[in-house]
Number of protein chains: 4
Amino acid sequence: MPVTSALPLGAGAARKASSAVTAAAYRGIRAQSEFLCQPLSAEDCAVQSMADASPAKWHLAHTSWFYETFVLEPSLPGYRSFHPQFKVLFNSYYNAVGDKHPRPERGLLSRPALSEVIAYRRHVDAAMDRLLQSQWVQSAEDAGARDAALCALIELGMHHEQQHQELILTDIKHLLSRNPLRPVYRAPAMKTGAASVPALEWLACPERIALAGSDGNGFAFDNELPRHRVFVHGFQIASRLVTNGEYLAFIENGGYRRPELWMSEGWDRVRAQRWQAPLYWEPGGQGWRQFTLDGQRAVDPAEPVCHVSWFEADAYARWTGARLPSEFEWETAVSELENDPVQGNFSDDARYHPAPAVPAAPAVPARTSLPPRLLQAWGDCWEWTSSAYSPYPGFSVTAGAVGEYNGKFMSNQYVLRGGSCATPRSHIRASYRNFFPSAARWQFSGIRLARDQDGAR
Amino acid sequence: MPVTSALPLGAGAARKASSAVTAAAYRGIRAQSEFLCQPLSAEDCAVQSMADASPAKWHLAHTSWFYETFVLEPSLPGYRSFHPQFKVLFNSYYNAVGDKHPRPERGLLSRPALSEVIAYRRHVDAAMDRLLQSQWVQSAEDAGARDAALCALIELGMHHEQQHQELILTDIKHLLSRNPLRPVYRAPAMKTGAASVPALEWLACPERIALAGSDGNGFAFDNELPRHRVFVHGFQIASRLVTNGEYLAFIENGGYRRPELWMSEGWDRVRAQRWQAPLYWEPGGQGWRQFTLDGQRAVDPAEPVCHVSWFEADAYARWTGARLPSEFEWETAVSELENDPVQGNFSDDARYHPAPAVPAAPAVPARTSLPPRLLQAWGDCWEWTSSAYSPYPGFSVTAGAVGEYNGKFMSNQYVLRGGSCATPRSHIRASYRNFFPSAARWQFSGIRLARDQDGAR
Amino acid sequence: MPVTSALPLGAGAARKASSAVTAAAYRGIRAQSEFLCQPLSAEDCAVQSMADASPAKWHLAHTSWFYETFVLEPSLPGYRSFHPQFKVLFNSYYNAVGDKHPRPERGLLSRPALSEVIAYRRHVDAAMDRLLQSQWVQSAEDAGARDAALCALIELGMHHEQQHQELILTDIKHLLSRNPLRPVYRAPAMKTGAASVPALEWLACPERIALAGSDGNGFAFDNELPRHRVFVHGFQIASRLVTNGEYLAFIENGGYRRPELWMSEGWDRVRAQRWQAPLYWEPGGQGWRQFTLDGQRAVDPAEPVCHVSWFEADAYARWTGARLPSEFEWETAVSELENDPVQGNFSDDARYHPAPAVPAAPAVPARTSLPPRLLQAWGDCWEWTSSAYSPYPGFSVTAGAVGEYNGKFMSNQYVLRGGSCATPRSHIRASYRNFFPSAARWQFSGIRLARDQDGAR
Amino acid sequence: MPVTSALPLGAGAARKASSAVTAAAYRGIRAQSEFLCQPLSAEDCAVQSMADASPAKWHLAHTSWFYETFVLEPSLPGYRSFHPQFKVLFNSYYNAVGDKHPRPERGLLSRPALSEVIAYRRHVDAAMDRLLQSQWVQSAEDAGARDAALCALIELGMHHEQQHQELILTDIKHLLSRNPLRPVYRAPAMKTGAASVPALEWLACPERIALAGSDGNGFAFDNELPRHRVFVHGFQIASRLVTNGEYLAFIENGGYRRPELWMSEGWDRVRAQRWQAPLYWEPGGQGWRQFTLDGQRAVDPAEPVCHVSWFEADAYARWTGARLPSEFEWETAVSELENDPVQGNFSDDARYHPAPAVPAAPAVPARTSLPPRLLQAWGDCWEWTSSAYSPYPGFSVTAGAVGEYNGKFMSNQYVLRGGSCATPRSHIRASYRNFFPSAARWQFSGIRLARDQDGAR
């Protein structure tokens with residue numbers, strides 16, 4: 001059973017909670033990373049299947065390196081680093097803290113052994129424990145700016161580790177999929193039956209000057225700030241994600257052979273890489289099959305389509321006569337239509353695969369007067385938006401090396417929203433901006449449609 | 001002397017003008033394309049220096065192919081195409097009208113000879129003449145939708161050819177720059193002296209709901225539509241372009257060696273391609289020299305910096321503590337601050353190189369009460385904006401094959417505004433959106449800075 | 001009509017002939033290079049179709065550069081070079097004489113114009129004329145070592161230019177073939193009819209200690225020296241080249257789909273480049289068509305197969321149960337079986353395409369006692385041998401920069417023998433060693449089979 | 001301690017020995033492969049550091065696959081394969097037995113686990129045991145052609161596995177060298193002290209018609225056959241290998257910066273890959289350091305230079321005024337000058353690094369009348385020859401799929417002779433032909449010089 005980190009995170013939380021709460025949250029997140037690696041051998045954890053992905057062992061080490069570099073070395077008196085060369089080996093992309101091992105060579109590191117990396121984690125955890133129990137944390141409420149900054153770094157480190165938890169799952173999925181033996185990561189936790197999916201409805205949101213970005217309640221990355229006004233034209237948004245069944249119709253209609261449906265660059269990609277279906281789909285005798293973390297099986301038409309690039313999402317939307325929502329439309333719709341707290345199919349559920357939409361319970365009669373709900377807004381699949389990833393008006397990066405976290409990737413990527421079945425539930429929120437290049441397919445990325453107020457694109 | 005096409009273009013113009021006016025505009029534009037090739041030999045016109053660029057001969061043929069394919073074949077009864085294979089050879093990227101010759105192989109076409117391509121142009125021109133003098137044009141004002149569409153295609157063809165005129169210049173510049181003999185395209189038309197440049201001022205524009213896009217007066221590409229509202233926060237914009245002298249300070253401050261100034265992707269590019277200065281700059285004994293269309297000469301510190309990529313523009317802006325304007329900020333500023341008609345250093349001036357800013361004449365006393373002017377908004381250099389090139393709310397592509405004109409490039413490119421010294425004056429307008437990938441440097445692209453209302457980025 | 005250089009060349013010739021004879025040979029060769037370019041426009045001469053090939057203009061200039069660099073500058077007092085930068089622009093690969101323009105960028109040189117290159121040739125020719133008429137040449141027979149060396153360099157320059165004449169033809173053929181218009185270099189000089197080809201016979205050569213290499217009579221490149229003994233086992237050699245018809249049977253038998261017939265490296269190439277037939281063959285409605293210098297036409301089954309790589313020659317031979325001859329077997333067979341002087345289908349015949357074998361005339365009765373003749377040993381197609389190109393025992397390169405001529409290419413190439421339809425007749429001899437990498441196909445390269453004495457491979 | 005397979009191998013041996021002897025040889029070789037992997041973790045055994053190298057796990061599996069595919073499946077009644085997909089996963093390059101897993105993806109196979117591969121080995125070993133104890137082996141001497149063929153296959157399998165033992169060492173060395181932690185494979189088995197090296201002497205061999213190839217005594221690969229005559233000119237050969245100290249003088253003399261010393265192709269490689277020294281050398285504060293299987297340490301000037309490509313060996317030889325021996329010169333010299341049985345520094349010695357030359361013992365007075373001895377002919381380093389790898393006259397490949405063993409690599413590779421410190425002693429012989437491409441450096445390859453009889457190259 002996965003380790004649930006149900007503890008409240010957030011800048012406020014870390015600053016105000018007693019150290020015990022913070023320490024428990026830390027421990028929960030650390031345990032979850034290792035929990036995800038339990039089904040894996042040391043060999044599985046060492047191999048890198050492509051330059052975009054990293055070995056699980058590297059993720060386990062890098063998340064520890066983050067605390068060591070940004071928290072322990074500057075702030076824990078007497079801290080001794082575990083290994084002098086790990087500073088370089090497990091730096092991902094922080095130029096300000098020195099050299100880094102070349103990304104495509106992460107998979108060459110058969111040493112340190114997985115067991116040593118686990119020992120590294122213990123070493124860091126013990127030091128973090130000392131830090132979290134030290135005086136300054138006990139009196140965090142009275143602490144000055146320096147302590148607040150430290151608390152914020154610890155909190156950032158926990159969110160950082162949660163991001164890598166998602167990558168552990170997406171990267172191991174990619175690795176196993178390249179193995180002709182089609183290994184199973186973990187046997188399915190729950191039965192997947194052919195479900196009937198609620199009809200796709202168009203939910204209307206009128207024109208407005210919307211507020212976008214974090215409202216300051218709880219943790220947020222710098223790229224969610226500042227909260228600002230944006231003019232959003234009236235639009236309609238689909239009540240649920242596009243299903244495999246719907247996407248199959250696109251394929252069968254020649255979707256991958258019709259250039260007029262694609263961005264020029266996307267069409268070049270289709271031809272160069274011979275895309276014919278989402279990543280992990282393979283033609284089989286009885287129709288398409290797909291590789292999942294619980295093995296190879298038939299494509300379920302009721303499940304949301306997943307592992308599509310932005311190019312595919314965009315082409316599919318064009319084929320239907322609709323379009324992708326902008327990130328502001330998405331954020332507006334969630335505020336308006338997703339009146340429940342964040343809930344959905346997350347990594348906490350250990351399903352690790354998007355699930356068919358379930359109709360909103362008609363249970364409460366009073367509900368009928370409420371607006372229709374946005375299904376699958378949380379979890380299942382990250383939802384590609386039409387928005388290029390760029391800074392919000394007034395954006396400024398965090399000072400110091402951790403400022404290399406988000407801002408320097410704000411070119412030629414697209415924003416995704418809502419989290420996936422590989423995201424920890426406590427990690428996501430309405431203002432969360434994930435981002436990937438337009439050809440990336442190995443994340444759990446799916447499609448929600450939108451259209452203009454009048455029903456046009 | 002260059003052929004000036006001072007004739008009024010625009011959707012309205014073409015529909016309403018007498019055929020004589022339209023025909024004159026057509027002829028003027030056609031003549032200008034050939035005028036630009038006059039200094040070039042057949043050999044110069046045949047060679048392709050990189051996949052992004054095309055031979056001048058190809059531009060001359062492709063612009064004719066456009067009229068032949070979209071205007072003459074469907075609409076001129078009895079039209080016979082000049083050569084059956086030109087349909088494929090000179091198709092650029094219109095998938096809907098059939099196969100196309102591979103772009104990187106345009107430079108292998110030593111045949112047809114330049115003289116044959118000129119004959120092709122004459123053939124198309126004669127047919128266009130017949131078409132423009134035929135009945136339907138004579139009575140264009142009364143014509144129905146079909147004729148309006150035809151008029152719009154002719155007008156589009158003229159704007160299309162003007163775009164290729166700019167490419168003829170940028171592509172031949174690239175070719176000649178690769179030749180160790182450093183050939184001169186044309187001797188300088190006017191003396192370039194070391195000028196004193198007016199100080200950079202910050203011009204303020206308050207927050208507003210702005211209108212962006214074409215106002216329907218005159219021709220516009222589909223990507224300028226529809227006109228729509230956008231929330232623009234208060235901002236400040238630089239009164240002129242960044243100069244070579246200012247950019248040199250960035251270089252000398254280690255701008256190309258400091259990763260913290262760059263987008264991650266831009267930094268990768270800096271290292272992979274060993275960028276150390278703008279394209280066409282070379283270190284010389286007495287300092288930097290640059291290749292221009294009038295030969296190799298010392299970098300003039302008063303001229304605007306040119307041939308920088310979006311990555312360089314963005315890094316430079318970050319180094320100064322400012323940022324690039326969004327395309328909406330640019331459009332707003334031009335409407336607000338550029339109270340004169342479109343004027344500047346255009347290809348009509350046959351200078352083919354950006355010129356130092358000239359202070360706005362303080363002449364008229366009454367003027368003092370007017371807002372300060374935006375210098376160099378038109379011509380000189382295309383100005384990189386912070387805006388990813390994406391569709392306006394409600395955007396729809398033109399029906400038919402010409403719909404492949406703009407929309408399919410709306411991914412991973414950035415918007416540039418304002419035209420350059422290689423742009424025909426009659427081609428540009430406030431709503432005009434040019435676009436190139438973030439690493440492109442061979443266009444005449446420069447930098448205008450912006451910052452937030454409070455002076456922050 | 002082509003310019004025939006029937007004049008005797010050779011180290012002896014140059015040294016002993018009157019200067020008039022040498023000068024005439026020089027002029028004949030120079031004229032022939034330009035004769036080959038007559039059907040070409042300046043555009044045709046400027047373009048480079050692949051890194052392996054060079055523009056015709058470059059060949060015209062480089063062959064002049066050779067005389068200028070190695071003959072005129074060191075030996076003609078007062079010689080002024082035509083253009084200071086040509087030293088770099090037209091250096092092919094001689095590191096010892098300074099920098100060179102990058103090979104893949106030869107096609108970017110739209111300047112100097114073809115007309116300037118012709119002027120360069122005239123400049124060099126005039127200087128060569130002065131040199132050849134000067135005193136030292138008049139008295140060449142008495143000249144000392146220095147003059148002998150100069151004579152040898154002049155002679156080398158002439159053979160060098162003849163090599164480039166062949167490349168002018170092979171490179172322009174490649175360029176024109178890449179043009180969808182399939183331009184014709186020159187209309188066929190003679191009718192190509194379906195001929196009946198004499199049956200392939202196996203001609204036996206008994207085991208011996210053979211002498212290989214130049215016998216010192218006439219000019220030879222350094223790679224033909226020293227003449228030396230080699231043990232040659234008894235073998236049989238095919239009386240003529242493999243025909244298109246025979247090669248077609250290989251294709252139809254799945255030759256390009258059966259890995260067991262290929263070198264591993266060749267098989268990788270077949271798949272990577274999707275080889276399905278010789279270069280310049282294309283499937284047509286009525287069977288295979290091929291591009292030739294006189295246009296696109298049906299493959300003639302009687303002609304020798306041409307434009308095959310060593311990998312294809314080797315695979316074809318394996319398929320027949322035979323093999324390629326070693327270069328020593330070839331040289332032995334020619335000495336033994338080719339009792340006539342060098343005659344065949346050469347560039348002098350302006351056919352520029354291999355011709356079907358013609359049976360040896362049975363005319364002279366006395367002939368019946370002679371050994372059977374090797375047909376097509378000279379001209380038509382270069383014949384791939386099984387011999388890797390390596391130095392003869394005791395080989396040493398010529399002193400000085402011209403020593404970079406042959407020796408530095410003695411790795412990973414294979415020897416070809418006998419000349420082709422693009423070779424000048426006076427350029428070839430029994431000891432001549434041509435060499436190309438095993439995947440090269442754009443030369444006029446064909447196949448002659450051999451087998452062991454007992455008929456086995 | 002390494003497992004020594006001192007048992008006599010050879011076609012004769014397998015056929016004539018009692019099954020017990022054959023089985024013992026088999027078991028010894030199998031044990032040695034696993035012995036070599038003992039210092040390695042499962043992670044070390046899974047990773048592939050470049051396309052040329054394979055994971056150790058793959059070698060362990062592939063050598064078992066060989067017996068399974070070529071011996072057990074066709075010849076052991078009732079044999080059941082261990083896993084149906086291993087047929088594809090562990091096929092190296094045998095097209096005739098079906099598909100194969102792409103070579104560059106061998107490192108993606110985190111499954112099967114190392115433990116499963118060991119189980120696979122046990123499965124094959126048990127079956128081989130049954131086969132070797134069955135009736136047909138007991139009566140091998142009387143067996144007909146089929147049994148002889150089976151015996152030959154078993155013997156081939158053992159030699160095949162010995163080849164992969166060498167690759168296990170070279171491939172793991174490459175992997176560990178890419179790890180910044182510079183892991184040690186195994187602590188040094190014996191002390192390496194600075195030795196004084198005997199002076200290089202030139203040993204003369206007069207001209208002769210030599211016999212080359214296997215004499216039929218003992219096992220030989222097909223590429224060593226048939227034994228045949230070859231004319232060998234008189235030559236001189238160096239008494240020992242080139243040392244690091246000697247090679248350092250080449251480096252310090254600008255060897256890697258002087259194009260005139262290199263094959264053209266080699267020079268391109270030097271520049272493209274920035275070669276400045278042999279593979280595994282790194283500049284350090286106190287001079288060059290080198291990575292070895294017992295760790296990073298200073299370059300020992302007395303040891304033979306190792307991990308050089310053919311290009312480097314050839315350039316070094318040219319720099320000294322000498323050349324590389326041909327493979328026939330090497331074979332002749334060994335027959336003539338190496339009058340002792342095969343002895344040297346082999347993998348049996350578990351040193352895994354070439355050792356300085358030791359002067360031949362002057363001990364026995366009678367010896368003085370003997371010819372001087374060739375030192376280091378066996379073991380230490382494979383010796384590059386000047387001979388391109390090509391078939392011997394009359395060569396024919398073994399029938400069936402194992403015929404893909406050697407013949408299909410006979411293009412663009414060079415022959416190496418004499419074995420290395422990573423070669424099992426029982427694997428090598430005078431006629432043994434190893435082969436690698438001219439740029440390969442990760443094998444234990446070194447340099448022995450030769451020159452012509454008269455002392456010239």
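Treat the numbers as computed from the prediction; the structure is a model and nothing was measured. In what follows, every chain begins at residue 1, and chains take the letters A, B, ... in the order their sequences are listed.
Distance check, rounded to the nearest 0.5 Å: CG of D:L181 to NE2 of A:H101 gives 9.0 Å. Put simply, CD on D:E105 and CG on A:N179 are 10.0 Å apart, with the number rounded to the nearest 0.5 Å. How far CD1 of A:I172 is from OG of D:S110: 6.0 Å, rounded to the nearest 0.5 Å. Going from atom CG of D:L109 over to atom CG of A:L175 covers 9.0 Å, rounded to the nearest 0.5 Å.
Most heavy-atom pairs under 4.5 Å with chain D, from the set A:G107, A:A113, A:A46, A:S41: that is A:A113. Interface check for chain A: of the options D:V88, D:V47, D:L108, the most heavy-atom pairs under 4.5 Å are formed by D:L108.
D:E43 and A:R111 are not joined by a salt bridge, as no carboxylate oxygen comes within less than 4.0 angstrom of a charged side-chain nitrogen.
Within a 6.0 Å radius of CD in A:Q38, more than 12 heavy atoms belonging to other residues, nucleotides or ligands are found. Counting non-hydrogen atoms of other residues, nucleotides and ligands closer than 6.0 Å to CG of A:D99 gives a total of 12 or fewer.
Of the atoms belonging to A:L89, it is side-chain heavy atoms, and not backbone ones, that fall under 4.5 Å from chain D.
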